[in-house]
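These numbers come from the heavy atoms of this one structure, side chains and all, not from hydrogens, waters or symmetry mates. Everything quoted here is computed from the prediction, not taken from an experiment.
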Amino acid sequence: MNFEYFIAKRLIKGKEHKSSISTPITKIAISAIALGMIMMLITIATGVGLQRKIREKVAAFNGHVLISSFDNNNSLESLVPIIKDQSFYPNFNDVEGVKHMQGVATKMGIIRTATDFDGVVVKGIGKDYNWDYFKEYLVEGRIPDVGGKLNEEILLSSHIANRLGLKVGDKAITYFLKKNSTSSSKTYIRAFKIVGLYRSGFQDFDETFLFADIRHIIKMNKWKDNEIGNFEVFIDDFDKIDQKGQEIYENIPSTLDSQTITLKYGTIFEWLKLFDLNIIGIISIIILVAGINMITALLVLILERTPMIGVLKALGSNDWSIRKMFLYNAGYLILIGLFWGNLIGIGLLVIQQKYGVVGLNPETYYVSTAPVYINIGYILLLNAGTMLLCLIMLLIPSYIVAKISPTKSIRFQ
């Protein structure tokens with residue numbers, strides 16, 4: 001055990017330390033560190049959680065990258081079909097990191113009841129559709145069966161169902177305009193059967209999409225059996241979406257176009273990027289406030305131990321050795337604050353993650369409850385960063401040790 005650590009340990013455990021003038025100030029400093037850690041954990045966990053949740057919801061409805069005809073860009077309806085039998089489907093071997101691909105098509109329609117009507121976009125899905133991204137949004141009923149014979153089963157949002165007074169088991173009479181139709185031509189009518197209801201909390205999607213067998217759209221559009229509206233591509237790492245989007249574009253035929261969801265929904269993802277700035281700003285302010293509290297506590301500890309510093313200097317201890325004693329002492333106080341901050345902060349996050357106590361307005365935040373993302377890497381990095389920055393901030397005030405004269409401090413002991 002080194003000399004500085006030994007003295008610091010005796011100072012911490014000494015009875016006079018617990019009843020000294022500095023005690024209330026150190027308690028305030030510890031509380032500031034703990035409260036700051038709680039706020040930082042909540043800020044990061046909810047900020048990153050909201051980003052990830054919104055990304056997941058947008059991807060669940062669109063995939064990460066969309067491959068379609070140039071004529072279908074930014075269109076809610078699949079206007080021009082593309083052939084499903086492509087060299088890159090179903091396994092995109094030329095681009096590493098592609099996890100799944102699925103063929104879909106969309107067509108606009110109107111659901112009409114005896115008293116009301118509502119516009120929808122029918123999303124046609126096939127056997128290759130991966131429901132793993134969507135199952136968590138299922139609130140009632142089941143997923144439609146699109147693997148066997150063509151049937152009328154659909155998955156409708158609870159938002160549309162509530163507006164039209166529909167429920168699981170009801171028929172949803174849906175009208176579609178024929179391609180190149182005139183006002184005098186008849187419409188297609190489908191009596192879909194609602195077998196499930198979903199709620200994603202993403203209002204723009206919940207107000208729009210209805211899921212049905214893609215063969216309905218193929219028949220109504222008079223497409224061939226191997227034609228679809230577009231491909232939805234899912235990748236392993238969202239952080240590489242721009243890179244993978246470019247690679248996908250370079251490895252598809254020139255007659256096709258690709259677009260990432262970060263471009264298609266640019267406004268949403270630009271808004272999400274602001275969260276990074278907010279998180280950095282909040283953490284910087286909290287660490288600064290916590291550091292100032294620790295500086296105050298350290299100065300009080302040094303001034304309170306002025307006679308001891310004089311004695312140690314008289315016995316031959318240098319300034320840096322004495323400064324290390326007080327830095328060890330301050331580090332101990334920081335660790336106590338971090339311990340309680342982590343204990344309370346992680347506890348609150350686990351409660352929110354499990355029970356969803358704090359709710360949000362889905363029209364503003366696209367989620368109904370505050371999402372939480374708990375990552376051990378973030379927590380360890382945050383603790384290490386807080387500890388390091390606080391100790392660096394304490395180096396300057398600890399320099400006051402060098403200003404203390406042994407003769408004067410011992411004289412007034």
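For the atom pair Asn293 CG and Leu333 CG, the distance stands at 12.0 Å (nearest 0.5 Å). Taking OG1 of Thr174 as the reference point, atom CD1 of Ile111 lies at 4.5 Å (rounded to 0.5 Å). In this structure, OG1 on Thr260 lies 13.0 Å from OH on Tyr249, to the nearest 0.5 angstrom. Atom NE2 in His64 sits 10.0 Å away from atom OG1 in Thr262 (nearest 0.5 Å). Summarising the geometry, atom CD1 belonging to Ile228 is positioned 11.5 Å from atom CD1 belonging to Ile217; distances are rounded to the nearest 0.5 Å. We find the CE-CD1 distance between Met39 and Ile283 to be 11.0 Å, quoted to the nearest 0.5 Å.
Enclosure of atom NZ in Lys99 by more than 12 non-hydrogen atoms of other residues, nucleotides or ligands within 6.0 angstrom is indicated. Under a cut-off of 6.0 angstrom, the local environment of CG in Leu335 is crowded, with over 12 non-hydrogen atoms contributed by other residues, nucleotides or ligands. Within a 6.0 Å radius of CD in Gln243, more than 12 heavy atoms belonging to other residues, nucleotides or ligands are found.
Annotation for Ala105 and Gly229: closest pair CB-N, 3.6 Å, computed over non-hydrogen atoms. Minimum heavy-atom separation, Val98 to Met101: CG1-CG, 4.1 Å. Considering all non-hydrogen atoms of both residues, Leu197 and Ser157 come closest at CD2-O, 4.3 Å. The two residues Arg199 and Ser158 make their nearest non-hydrogen contact at CB-OG, 3.5 Å. Contact detail for Val146 and Lys127: the closest heavy-atom pair is O-CG, 3.7 Å. When every heavy atom of Trp340 is checked against every heavy atom of Ala34, the shortest pair comes out as CB-CB, 4.3 Å.
Formation of a donor-acceptor pair under 3.5 Å by the Lys244 side chain with backbone atoms of Val95 is not found in this model. Looking only at distances, no side-chain donor or acceptor of Asp85 sits under 3.5 Å from a matching main-chain atom of Asn226. Checked by atom type and distance alone, the side chain of Asp170 pairs as donor or acceptor with a backbone atom of Lys167 at under 3.5 Å. A donor-acceptor pair under 3.5 Å is formed between the side chain of Asp206 and the backbone N or O of Ser200. Side-chain N or O atoms of Gln102 include none that pairs as donor or acceptor with a backbone N or O of Ile125 at under 3.5 Å. His159 places no side-chain N or O within donor-acceptor distance of the main-chain N or O of Tyr198, the cut-off being under 3.5 Å. Panel note: side chain Ser69, backbone Pro81; no donor-acceptor pair is recorded below 3.5 Å. Listed for the Ser258 side chain is no donor-acceptor partner under 3.5 Å among the backbone atoms of Ile67. Asn130 contributes a side-chain N or O that, together with a main-chain N or O of Asp132, makes up a donor-acceptor pair within less than 3.5 Å. With hydrogens and angles ignored, the 3.5 Å screen pairs no side-chain donor or acceptor of Glu153 with any backbone N or O of Lys193.
In this view, Leu35 satisfies the side-chain contact (heavy atoms from CB on, under 4.5 Å) rule with no residue, not counting sequence neighbours. In terms of the salt bridge (Lys or Arg N to Asp or Glu O under 4.0 Å) criterion, Arg52 has no residue partners (sequence neighbours excluded).
By the 4.5 Å heavy-atom criterion applied to side chains, Ile374 and Ile379 are counted as neighbours. Looking only at side-chain heavy atoms (C-beta outward), Phe176 and Asn221 stay at 4.5 Å or farther from each other. Taking 4.5 Å as the limit, some side-chain heavy atom of Leu349 sits within range of a side-chain heavy atom of Ile42. You'll find the side chain of Leu338 reaches within 4.5 Å of the side chain of Asn342, heavy atoms only. When side chains are defined from C-beta on, Tyr89 counts as touching Asp128, because their heavy atoms get closer than 4.5 Å. The shortest distance between side-chain heavy atoms of Asp94 and Phe88 does not fall below 4.5 Å. Side-chain contact between Met393 and Leu288 is present, with at least one heavy-atom pair separated by less than 4.5 Å. The shortest side-chain heavy-atom distance between Tyr332 and Ile336 falls under the 4.5 Å cut-off.
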- [ ] Using the side chain to side chain contact (heavy atoms under 4.5 Å, CB included) rule, take Gln86 and Leu256 through it: C-alpha gap first, then chi angles, then the decisive distance, then the call.
- [x] CA-CA 11 Å; Gln86 301 284 346; Leu256 299 179; 4.1 Å; yes

- [ ] Kindly indicate, with the supporting measurements, whether the criterion side chain to side chain contact (heavy atoms under 4.5 Å, CB included) is fulfilled by Ile268 and Ile261.
- [x] CA-CA 10 Å; Ile268 293 174; Ile261 54 174; over 6 Å; no

Open item on the list: Please evaluate residues His216 and Phe192 with respect to the criterion ring pair (Phe, Tyr, Trp, His ring centres under 6.0 Å), reporting the C-alpha separation (whole Å), side-chain torsions for both, the decisive distance (0.1 Å), and the verdict.
Closed with: CA-CA 10 Å; His216 288 293; Phe192 290 126; 5.3 Å; yes

Open item on the list: Run the salt bridge (Lys or Arg N to Asp or Glu O under 4.0 Å) test on Lys53 and Glu136 for me, step by step, so that the C-alpha distance in whole Å, both residues' side-chain angles and the decisive distance to 0.1 Å come before the verdict.
Closed with: CA-CA 12 Å; Lys53 200 65 180 177; Glu136 65 174 293; 2.8 Å; yes

Open item on the list: Pair Asp116, Arg163 - check side chain to side chain contact (heavy atoms under 4.5 Å, CB included), show working.
Closed with: CA-CA 9 Å; Asp116 208 347; Arg163 285 185 59 179; 5.7 Å; no

Open item on the list: Run Val122 and Thr106 through side chain to side chain contact (heavy atoms under 4.5 Å, CB included) and show every step you take.
Closed with: CA-CA 5 Å; Val122 178; Thr106 53; over 6 Å; no

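Sorted by first and then second residue, the pairs that involve residues 222-235 and meet salt bridge (charged side-chain N to carboxylate O under 4.0 Å, His left out), not counting sequence neighbours, are Lys123-Glu232.
Below 30°, between 30° and 60°, or above 60°: for Phe205 and Phe202 the angle between ring planes is below 30°, a parallel geometry. Ring geometry for Tyr137 versus Phe61: interplanar angle under 30°, hence parallel rather than tilted (30 to 60°). Between Phe134 and Trp131, the angle of the ring planes goes over 60°, which puts this pair in the perpendicular group of the 30/60° scheme.
Ring centroid separation for the pair Phe117 and Tyr175 does not come in under the 6.0 Å cut-off.
Ion pairing between a basic and an acidic side chain is recognised when a charged N comes within 4.0 Å of a carboxylate O; Lys171 and Glu152 show no such pairing.
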